[in-house]
Amino acid sequence: MAKTIATPWCMVLAFLLATISRPVKGSKFHAPTKQLGIHLSRGGAVLDGVSTALEQIAPNSTIPDSSTLSPRRRKKNRFILFRIFRRKKRHASARHKGKKKKKQAAAAFTLKMNEKLEEARRTFLDRMAAVSFSLINQERDAMVVNNDTFFQLDGDDEDITPQSDLSLPNRSIFVVTTAALPWRTGTAVNPLLRAAYLSRKMKEINNNNQTNATTSEQQMVTLVIPWLELEEDRLELYGNNHNFTTSQEQEDYIRDWLRGANMNEEADPVNGLRILFYPARYHSGLKSIFAMGDICATLRNQTEGSLLSDAVCVLEEPEHLNWYRCPGEGWTKVFGFVVGIVHTNYVEYASSQFIHGLWTAPAIHVMSSAMIRAYCHKVIKLSGVLQTYAPEKECCENVHGVRQDFIQEGRRRALEAASLSGTNLASRELNEEVEGQVYFIGKILWAKGFELMLQLQEFYHECTGKYFAIDVYGGGPEEGEIKRAFHGRRNSWNGEESDSDSDSEDTFRDNLKKLKSIEVPKSLYEWRRKPIPANFCGPVDHSLLGKYKTFVNPSTSEVLCTTTFEALAMGKFVIIPVHESNKFFLQFPNCLSYRNKWEFAANLRWALTHEPEPLTPELAKEFTWEAATDRLIGSSAITRREAKERYNLGKAKLDERIAYFHRELGKHDALRRVLGGGPASNQVRYELERQGLDQDNSEKFAMSSFVKAIKSTFISNNHHSQAASLSGGSAA
């Protein structure tokens with residue numbers, strides 16, 4: 001009899017069998033379940049098998065009793081169950097081993113790929129290092145063979161490279177500047193005197209080295225200056241008194257000026273200084289002269305071009321010369337050695353502009369650094385107040401001097417002081433009230449320190465109860481408002497009103513005109529009630545002001561103040577602030593420097609009650625242009641150690657890339673126009689017109705082979721389309 005099986009046990013057994021068994025194709029895996037009374041559909045899922053088993057096994061379902069089965073049947077049933085559980089365990093272990101093998105294989109593959117990538121990276125770096133080392137050796141060999149300016153095989157580290165040695169005989173030197181006489185500005189006078197004294201120095205070197213007579217008589221130094229082609233530019237800058245019609249007239253004027261400076265040999269047009277001109281335009285907005293066309297090409301046309309490769313070029317204000325230059329070969333490609341002398345602190349001037357300085361000052365800073373780095377082998381800064389352009393190239397040195405007129409005045413004062421008796425000197429020390437002892441000379445601009453001078457006047461008034469009298473020489477566009485700041489608007493009005501006519505109607509009309517012409521006050525100093533005793537005397541030659549004893553200059557905007565240098569050479573007291581631009585002047589005993597207003601008042605009181613010390617011959621020599629020329633030769637030299645350091649830095653390629661980039665940008669006049677070039681913007685058009693190639697760029701582009709090829713392509717395509725349309729119409 002078959003025994004009834006409890007329902008829970010049946011359900012547990014059915015769930016166990018359904019979970020262990022898997023529906024796999026093939027009848028041998030389903031035979032055990034059929035023998036147990038469970039029928040699973042082939043290919044069904046596990047959940048389907050479970051649901052089917054639960055439906056087939058009822059609470060009262062029965063299975064045959066094991067006691068009634070034969071031993072063989074029972075053994076077979078046990079074997080079937082064993083196979084079911086063994087199969088589940090075997091599959092689980094197989095899956096675990098498979099996953100483990102896959103993980104091990106993936107790890108081994110990743111490790112192998114990393115090793116291959118690392119090996120490939122090392123191989124690539126080794127090959128790149130070998131190629132770089134080979135290229136560096138090639139460049140070094142080419143530099144040793146072709147360019148001995150920055151590298152030498154033989155010699156000590158302190159030896160000067162031959163290309164940078166200006167003391168060698170038979171050196172040809174070109175001094176290029178941005179201004180010329182009769183414009184009395186620093187970049188016109190100082191380069192002229194530098195070129196003249198360099199000419200004298202080169203003749204002396206050639207004579208000392210016993211060169212042939214023909215070489216010593218050659219013009220070894222050339223001054224390259226701008227020629228304003230437009231008459232309106234010459235009238236605006238030089239005035240009606242110097243309206244030259246040709247460049248030869250201006251050259252004659254310059255040579256006459258040299259003769260007046262006791263330089264007759266240098267003024268000789270045959271054996272003295274050679275003067276060449278390049279075309280230029282005057283930019284009234286920037287108050288500067290800019291070259292038109294390629295200066296290097298102009299020099300090649302006017303000289304033997306083969307000599308320029310061995311010549312030395314001195315660029316006065318190299319950043320100014322290259323801002324809007326015409327695209328062409330760079331200075332370092334044309335000349336064997338290029339020295340740049342930086343005169344002006346353009347960044348300081350741009351920063352003084354309240355609105356425009358916010359973006360023009362950083363732009364000028366970057367542009368000036370790029371121009372000086374790209375076109376100079378050596379950079380000489382007149383003082384440390386200037387920005388850093390190329391640290392490996394630059395040095396600070398005063399390479400300026402003063403005319404003999406100032407030095408002679410200093411010698412006269414020294415002789416006069418030596419001849420004075422002790423009683424006369426004592427009487428002069430107590431004579432503080434004498435007027436006409438303090439003066440200032442320079443451009444009358446707020447940037448020249450006039451606001452600081454007003455503050456010093458107020459402080460001196462607080463200390464002593466009175467202002468110090470001062471005579472101001474010079475001119476400028478801001479002279480009127482600076483006068484009102486010293487005298488006050490009320491005093492200026494009264495001074496003008498005193499000359500009016502007594503008639504009431506005329507007086508009313510004059511006052512009405514004056515009311516219309518009243519300007520808005522530019523500073524609070526204009527409302528002062530007590531005027532400062534300042535006399536504005538107009539422009540004058542500084543060498544004629546020998547009667548004064550004290551020169552006051554509170555300005556800190558200059559790079560190296562020429563008027564301060566001239567006043568010290570004349571043996572006068574100089575009262576200046578302690579500043580980087582005045583560092584060269586602090587070595588002289590008559591320089592009274594101050595750090596605050598108290599020191600200024602004390603220095604001025606000392607200067608008004610004492611006499612300046614006579615200059616010794618050693619100190620007087622520092623002011624001469626001969627000493628300045630020697631300083632220039634020494635500062636321009638590049639030693640072998642310095643050349644090696646430059647070579648190790650590897651900045652030469654960077655300089656070449658900057659020059660190339662600047663040349664490519666300069667091929668578009670529109671960019672110069674956007675950057676404020678003004679009359680100097682159309683450089684490319686000017687150069688094409690001068691060469692007789694005044695063809696418009698659009699016409700040149702239309703006639704190019706590229707445009708012709710495009711046109712021919714369109715024409716052929718039109719012919720093909722027309723032929724196709726005709727053939728299609730005939731077929732239709």
Side-chain angles (χ1 to χ4, degrees), residues 176-180 183 185 187-188 224-238 247 277-299 301 315-331 334 343-344 346-347 349-350 353 355-375 658-702:
V176 186
T177 185
T178 59
W183 191 17
T185 183
T187 53
V224 185
I225 55 179
W227 163 250
L228 297 177
E229 295 181 321
L230 302 180
E231 183 179 1
E232 55 267 25
D233 290 346
R234 297 194 297 270
L235 289 175
E236 182 178 358
L237 197 59
Y238 304 148
S247 59
F277 291 87
Y278 63 86
R281 296 280 192 275
Y282 178 64
H283 197 307
S284 58
L286 300 178
K287 307 297 181 183
S288 301
I289 297 177
F290 294 99
M292 294 300 296
D294 189 3
I295 301 179
C296 295
T298 303
L299 295 178
N301 295 332
L315 297 180
E316 308 280 350
E317 291 197 322
E319 73 281 31
H320 186 168
L321 284 168
N322 293 288
W323 278 338
Y324 302 118
R325 74 185 300 264
C326 181
E329 286 190 282
W331 299 94
V334 177
H343 291 246
T344 309
Y346 288 104
V347 176
Y349 285 141
Q353 302 295 327
I355 298 178
H356 300 289
L358 296 177
W359 64 273
T360 55
I364 291 176
H365 185 283
V366 174
M367 194 65 180
S368 299
S369 299
M371 295 300 96
I372 292 176
R373 172 174 287 280
Y375 298 116
I658 294 175
Y660 170 78
F661 186 68
H662 183 237
R663 183 173 65 252
E664 292 299 319
L665 288 180
K667 294 180 180 180
H668 306 280
D669 290 338
L671 182 60
R672 269 185 292 270
R673 198 174 299 109
V674 170
L675 296 177
S681 299
N682 299 324
Q683 295 283 352
V684 177
R685 181 180 298 178
Y686 177 87
E687 189 68 23
L688 291 176
E689 291 177 356
R690 190 173 66 171
Q691 297 177 6
L693 303 175
D694 53 347
Q695 190 177 13
D696 191 10
N697 291 331
S698 59
E699 296 179 1
K700 292 173 61 179
F701 180 75

Participant: To the nearest 0.5 Å, what is the distance between CD (E316) and CG (L321)?
Facilitator: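 So the gap between those two atoms works out to 9.0 Å.
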Participant: Step by step, work out the side chain to side chain contact (heavy atoms under 4.5 Å, CB included) result for N322 and W331.
Facilitator: CA-CA 10 Å; N322 293 288; W331 299 94; 2.8 Å; yes
Participant: Return yes if some donor-acceptor pair links the side-chain N/O of T298 with the main-chain N/O of C296 below 3.5 Å, else return no.
Facilitator: no
Participant: Any sub-3.5 Å donor-acceptor pair from H662's side-chain atoms to R325's backbone N or O?
Facilitator: no
Participant: CD of E236 to OG of S284: how many Å apart, nearest 0.5 Å?
Facilitator: 5.5 Å
Participant: Between OH of Y282 and CZ of R234, what distance do you get to the nearest 0.5 Å?
Facilitator: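 So the OH of Y282 and the CZ of R234 are separated by 14.5 Å.
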Participant: Which residues pass the salt bridge (charged side-chain N to carboxylate O under 4.0 Å, His left out) test with R672, sequence neighbours left out?
Facilitator: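 So R672 forms a salt bridge (charged side-chain N to carboxylate O under 4.0 Å, His left out) with D669.
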Participant: Between CD of E319 and OG1 of T178, what distance do you get to the nearest 0.5 Å?
Facilitator: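 Rounded to the nearest 0.5 Å, the CD-OG1 separation comes out at 9.0 Å.
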Participant: Is the closest side-chain donor-acceptor distance between H320 and Y346 under 3.5 Å?
Facilitator: yes
Participant: Just list the side-chain donor-acceptor pairs under 3.5 Å for residues 364-371, sequence neighbours left out, or say none.
Facilitator:
residue: S368; atom: OG; partner: I364; partner atom: O; Å: 2.8
residue: S369; atom: OG; partner: H365; partner atom: O; Å: 3.0
residue: S369; atom: OG; partner: Q387; partner atom: NE2; Å: 2.8

Participant: About how many Å separate CE of M292 and OH of Y278, when rounded to the nearest 0.5 Å?
Facilitator: 12.0 Å
Participant: Restricting to non-hydrogen atoms, name the atom on A374 and the atom on A659 that form the minimum distance, rounded to 0.1 Å.
Facilitator: CB-N, 3.9 Å
Participant: H668 side chain to L671 main-chain N or O, any donor-acceptor pair under 3.5 Å?
Facilitator: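 No, H668 side chain to L671 backbone: no donor-acceptor pair under 3.5 Å.
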Participant: Taking the side chain as every heavy atom from C-beta outward, state whether P318 and Y375 have any atom pair closer than 4.5 Å.
Facilitator: no
Participant: For residues E317 and T177, is any side-chain donor paired with an opposing acceptor at under 3.5 Å?
Facilitator: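 Result is no, nothing qualifies.
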Participant: Any luck finding a side-chain donor-acceptor pair between Y686 and E229 under 3.5 Å?
Facilitator: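 The answer is yes; a qualifying pair exists.
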Participant: Heavy atoms only: give me the nearest A291-I295 pair and the separation to one decimal.
Facilitator: CB-CD1, 3.6 Å
Participant: Kindly assign one of parallel, tilted or perpendicular to the pair W323 and F290, based on the angle between their ring planes and the thresholds 30° and 60°.
Facilitator: tilted
Participant: Once rounded to the nearest 0.5 Å, what's the spacing between atom CD of Q683 and atom CZ of R281?
Facilitator: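 Nearest 0.5 Å value for the CD-CZ distance: 9.0 Å.
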Participant: Which residues satisfy the side-chain contact (heavy atoms from CB on, under 4.5 Å) test with A179, sequence neighbours excluded?
Facilitator: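 Checked A179 against side-chain contact (heavy atoms from CB on, under 4.5 Å); matches are W183, T185, T187, A188.
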Participant: With a 4.5 Å limit on heavy-atom distance, are the side chains of I289 and H283 in contact?
Facilitator: no
Participant: Kindly determine whether V224 and F277 satisfy side chain to side chain contact (heavy atoms under 4.5 Å, CB included), including the steps that lead there.
Facilitator: CA-CA 6 Å; V224 185; F277 291 87; over 6 Å; no
Participant: Walk me through it: do C326 and E687 pass the test side chain to side chain contact (heavy atoms under 4.5 Å, CB included)?
Facilitator: CA-CA 8 Å; C326 181; E687 189 68 23; 3.9 Å; yes
